[in-house]
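Reviewing the structure listed below.
Each residue takes its place number in the sequence, starting with 1.
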Amino acid sequence: AVFLFRLLDLTMMKRVGKEGSGREEFNIPRQLAISPNQHLYVTDQNNNRLQILTTNLKFEIPLKHQTITSPIDVKFSIDELFVLSIRDNPRILVFTLSR
């Protein structure tokens, strides 16, 4: 799950997702990054995908592809590239957000 806390007093504001393999579920979420368009990208390691959430913490279609297996880290650059580290087949994948 992803938890949103108010920094001032650490009150939990919202929780999204739960454990599992379906839509809006996570199986070992490892890392997250905020994209230039303010979306939240969460590595969902054992589901072999990236979960993408909007600024309102609403789930979008997850990024799932045969090259994404056991993602463990995600980072964004200033030119809209994102880098994904893979655990099971050690490599780094680089994607662009532009079409």
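- Minimum heavy-atom separation, Leu57 to Leu4: CD1-CB, 3.9 Å.
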Query raised in the report: side chain to side chain contact (heavy atoms under 4.5 Å, CB included) between Val94 and Phe82: does it pass, once the steps are laid out?
Result: CA-CA 6 Å; Val94 179; Phe82 74 93; over 6 Å; no

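- Nearest approach of Arg23 to Phe59, heavy atoms of both residues: NH2-O, 3.5 Å.
- Under the 4.5 Å side-chain criterion, counting only non-hydrogen atoms from C-beta, Glu19 is not in contact with Phe26.
- What you find for Pro62 and Gln51 is that their closest heavy atoms are CB-OE1, 3.7 Å.
- The line from CZ of Arg15 to CZ of Phe3 is 4.0 Å long, rounded to the nearest 0.5 Å.
- In this structure, the side chains of Glu24 and Lys18 stay at 4.5 Å or more apart for every pair of heavy atoms.
- Following chains of ILVMFWY side-chain contacts shorter than 4.5 Å, one cannot reach Leu40 starting from Phe76, and the two form parts of different hydrophobic clusters.
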**Report entry** Residues Glu60, His39; criterion side chain to side chain contact (heavy atoms under 4.5 Å, CB included); working and verdict
**Finding:** CA-CA 10 Å; Glu60 291 197 343; His39 284 73; 3.1 Å; yes

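- Nearest heavy-atom pair, Gly17 versus Ala1, reported as atom, atom and distance to 0.1 Å: O-CB, 3.5 Å.
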Report task. Go through the steps for Leu84 and Thr43 under the test side chain to side chain contact (heavy atoms under 4.5 Å, CB included), then give the verdict. Result -> CA-CA 9 Å; Leu84 185 61; Thr43 60; 4.0 Å; yes

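- For the pair Ile86/Leu93, a side-chain contact is recorded, criterion being any heavy-atom separation below 4.5 Å from C-beta on.
- Within the 4.5 Å cutoff, the side chain of Val74 has no heavy atoms near those of the Val83 side chain.
- Side chain of Lys14 to backbone of Phe5: no donor-acceptor contact under 3.5 angstrom is found.
- Judged by distance alone, the side chain of Asn27 and the main-chain N or O of Asn48 form no donor-acceptor pair under 3.5 Å.
- Defined by atom type and a distance below 3.5 Å, a donor-acceptor pair is missing between the side-chain atoms of Asn56 and Thr54.
- Closest heavy-atom contact between Thr69 and Arg91: OG1-NH2, 4.0 Å.
- Cluster annotation: Leu32 is connected to Met13 through the hydrophobic network of ILVMFWY side chains, with a link wherever side-chain heavy atoms come within less than 4.5 Å.
- Taking both residues in full, the closest heavy atoms of Ile72 and Arg30 are given as O-CB, 3.7 Å, listed atom of the first, atom of the second, then distance.
- With rounding to the nearest 0.5 angstrom, the CZ atom of Phe95 is 4.5 Å from the CD1 atom of Ile68.
- Sorted by first and then second residue, the pairs that involve residues 46-56 and meet salt bridge (Lys or Arg N to Asp or Glu O under 4.0 Å), not counting sequence neighbours, are Asp44-Arg49.
- Remark: Lys75 engages Asp73 in a salt bridge (charged side-chain N to carboxylate O under 4.0 Å, His left out) (not counting sequence neighbours).
- Ile34 is connected to Val16 through a chain of hydrophobic side-chain contacts under 4.5 Å among Ile, Leu, Val, Met, Phe, Trp and Tyr, so both are in one cluster.
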